[in-house]
Amino acid sequence: MTLSGLYVPLITPFTATGELAAEALEGLANDVVDAGAAGLVALGTTGEPATLTVAERRRVLDVCAGVCRSRGVPLIAGAGSNSTAESAQALAALDPRVSAALAVVPYYTRPSEDGVVAHFRNLAAASPVPLIIYNIPYRTGRPLGAETLCRLADLPNVIGFKHAVGGIDDTTIAFLSRVSADTAVLAGDDLFLSPLLALGAAGGIMASANVATTAYVDLIAAWRDGMLERARGLGNRLAPLASALFAEPNPVVIKAVLAAQGRIPSPAVRLPLLPAGDIAVTAALTALAAVPTPIR
């Protein structure tokens, strides 16, 4: 499996009374594929997997896998925790329709960087599908240096990274300058997609693309095709949208915008998340209205 382009980490829609809205999820999945997404991500952070029951997580995977199979696009599934043994078991039990697994750097326990490498060496050996390593130190508490990232990239069965470090730092520049062309780096911070593409990222896993899929598809394509002026313009127009959608914890503003558009039945989230405030929703809708309609 080769990673490139836009992968959309789908929200998990709920009804007004809090049940999983599977039909709305299926519709949203088809919408983003219609708009040009290269694939879907199920049960990522944006999908609120921590607050879903086991049965709900299975249903989400089933819906997304069905859409991906019918549309001929890959499905990436979030899997794993800060326990190496439990993560290996979860990977071994993955739905066979999943194309790749998105596994986060072990969080909270803050292992050494050698421990992180050993963790992923074990997971890569146990996984029936390729691994994408999710590097997000502001959530995990475990930053990784460029040397460690390159060691992880060299592990068999690791095909890429979701790289979300909250900026363009020296580690990011060193990593992208050294990583093999066989390993894809996907931007994971919506605000920094455009500069990461300029540095050589192969695409992105963008929560904001739930509401502006085509624009993000076109931004990635513009950088890929060397249309620099167009790429910079799109990136600059999408940056305010990304900021507005992340003004409150992900995915509360995104869900409110989708509900306002009538694409999901309600903006409901589950505790400890709270619904987005009116000011944040209005700001996001205003920013979305300012995004130019892509030319096809």
Side-chain angles (χ1 to χ4, degrees), residues 1-4 7 9 41 43-46 49 76-92 94 99-207 250:
M1 176 182 176
T2 301
L3 294 170
S4 65
Y7 298 84
V41 180
L43 303 177
T45 308
T46 304
I76 299 168
S81 68
N82 58 342
S83 165
T84 304
E86 288 183 5
S87 297
Q89 291 170 3
L91 287 166
L94 271 178
S99 304
L102 180 64
V104 70
V105 169
Y107 48 84
Y108 191 72
T109 47
R110 301 184 70 196
S112 67
E113 294 191 57
D114 285 343
V116 172
V117 174
H119 171 84
F120 281 111
R121 183 179 293 113
N122 276 268
L123 298 196
S127 178
V129 297
L131 288 188
I132 301 166
I133 294 173
Y134 187 6
N135 180 34
I136 183 164
Y138 54 86
R139 288 188 184 270
T140 65
R142 174 65 275 179
L144 301 174
E147 181 180 350
T148 297
L149 291 169
C150 289
R151 288 171 64 197
L152 291 169
D154 289 338
L155 293 175
N157 208 32
V158 169
I159 60 167
F161 291 78
K162 179 181 178 183
H163 191 70
V165 301
I168 306 296
D169 60 4
D170 54 349
T171 296
T172 297
I173 293 170
F175 176 45
L176 281 164
S177 70
R178 292 170 52 187
V179 69
S180 165
D182 295 331
T183 304
V185 178
L186 301 176
D189 285 309
D190 298 28
L191 187 61
F192 302 108
L193 171 61
S194 195
L196 273 173
L197 291 168
L199 287 169
I205 297 177
M206 298 284 104
N250 183 40

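No side-chain heavy atom of Leu152 sits under 4.5 Å from any side-chain heavy atom of Asn135. No side-chain heavy atom of Thr171 sits under 4.5 Å from any side-chain heavy atom of Val165. Between Arg151 and Asp114, some side-chain heavy-atom pair lies under the 4.5 Å cut-off. Looking only at side-chain heavy atoms (C-beta outward), Ile133 and Val158 come within less than 4.5 Å of each other.
Atoms CE and CG, from Met206 and Leu193 in turn, are 5.0 Å apart once rounded to the nearest 0.5 Å.
Between Ile132 and Ala100, the shortest heavy-atom contact is CD1-CB, 4.1 Å. Looking at every heavy atom in both residues, Ala202 comes nearest to Leu186 through C-CD2, 4.1 Å. Of all the heavy atoms in Pro106 and Phe120, the pair that sits closest is CD-CE1, 4.1 Å. Of all heavy-atom pairs between Gly160 and Thr183, the closest is CA-CG2, 3.8 Å.
A search for side chain to side chain contact (heavy atoms under 4.5 Å, CB included) contacts involving Asp182 returns Ser180, not counting sequence neighbours. Partners of Ser99 under the side chain to side chain contact (heavy atoms under 4.5 Å, CB included) rule, at least two apart in sequence or in another chain, are Met1, Pro74. Legend: residues meeting side chain to side chain donor-acceptor pair (under 3.5 Å) with Tyr108, ordered by chain and number and at least two apart, are absent. Taking Asp170 as the reference, nothing meets the salt bridge (Lys or Arg N to Asp or Glu O under 4.0 Å) condition, with sequence neighbours excluded. Evaluation of the ring-ring contact (aromatic ring centres under 6.0 Å, His included) rule for Phe161 yields Phe175 as partners, not counting sequence neighbours. In this view, Asp154 satisfies the side chain to side chain donor-acceptor pair (under 3.5 Å) rule with no residue, not counting sequence neighbours. Under the rule for a salt bridge (Lys or Arg N to Asp or Glu O under 4.0 Å), Arg121 has no partner lying at least two apart in sequence or in another chain. Under the rule for a side chain to side chain contact (heavy atoms under 4.5 Å, CB included), the partners of Ala207 that lie at least two apart in sequence or sit in another chain are Pro9, Thr46, Asp190, Phe246, Asn250, Ile254. Listed by chain and residue number, nothing satisfies the side chain to side chain contact (heavy atoms under 4.5 Å, CB included) test with Ala90 (two or more places apart in sequence, or in another chain).
Evaluated for a side-chain contact (heavy atoms from CB on, under 4.5 Å) with His163, the options Thr172, Leu176, Ile205 yield exactly one hit, Thr172.
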Contacts under 3.5 angstrom, residues 136-143 side chains, donor-acceptor by atom type, not counting sequence neighbours:
unit_1: Tyr138; atom_1: OH; unit_2: Asp189; atom_2: OD1; d: 2.5
unit_1: Thr140; atom_1: OG1; unit_2: Ile136; atom_2: O; d: 3.4
unit_1: Thr140; atom_1: OG1; unit_2: Arg142; atom_2: N; d: 3.1
unit_1: Arg142; atom_1: NH1; unit_2: Pro111; atom_2: O; d: 2.8

Using residues 122-131 as the side-chain source, report each donor-acceptor pair under 3.5 Å to any protein atom, sequence neighbours left out, with the distance given to one decimal.
unit_1: Asn122; atom_1: ND2; unit_2: Ala118; atom_2: O; d: 2.8
unit_1: Ser127; atom_1: OG; unit_2: Val129; atom_2: N; d: 3.2
unit_1: Ser127; atom_1: OG; unit_2: Val129; atom_2: O; d: 2.6

Check your understanding: Can Ile76 and Leu3 be said to form a side chain to side chain contact (heavy atoms under 4.5 Å, CB included), step by step?
Key -> CA-CA 10 Å; Ile76 299 168; Leu3 294 170; 4.2 Å; yes
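Within the structure, side chain to side chain donor-acceptor pair (under 3.5 Å) pairs that include any residue of residues 78-89 comprise Thr84-His119 (at least two apart or interchain).
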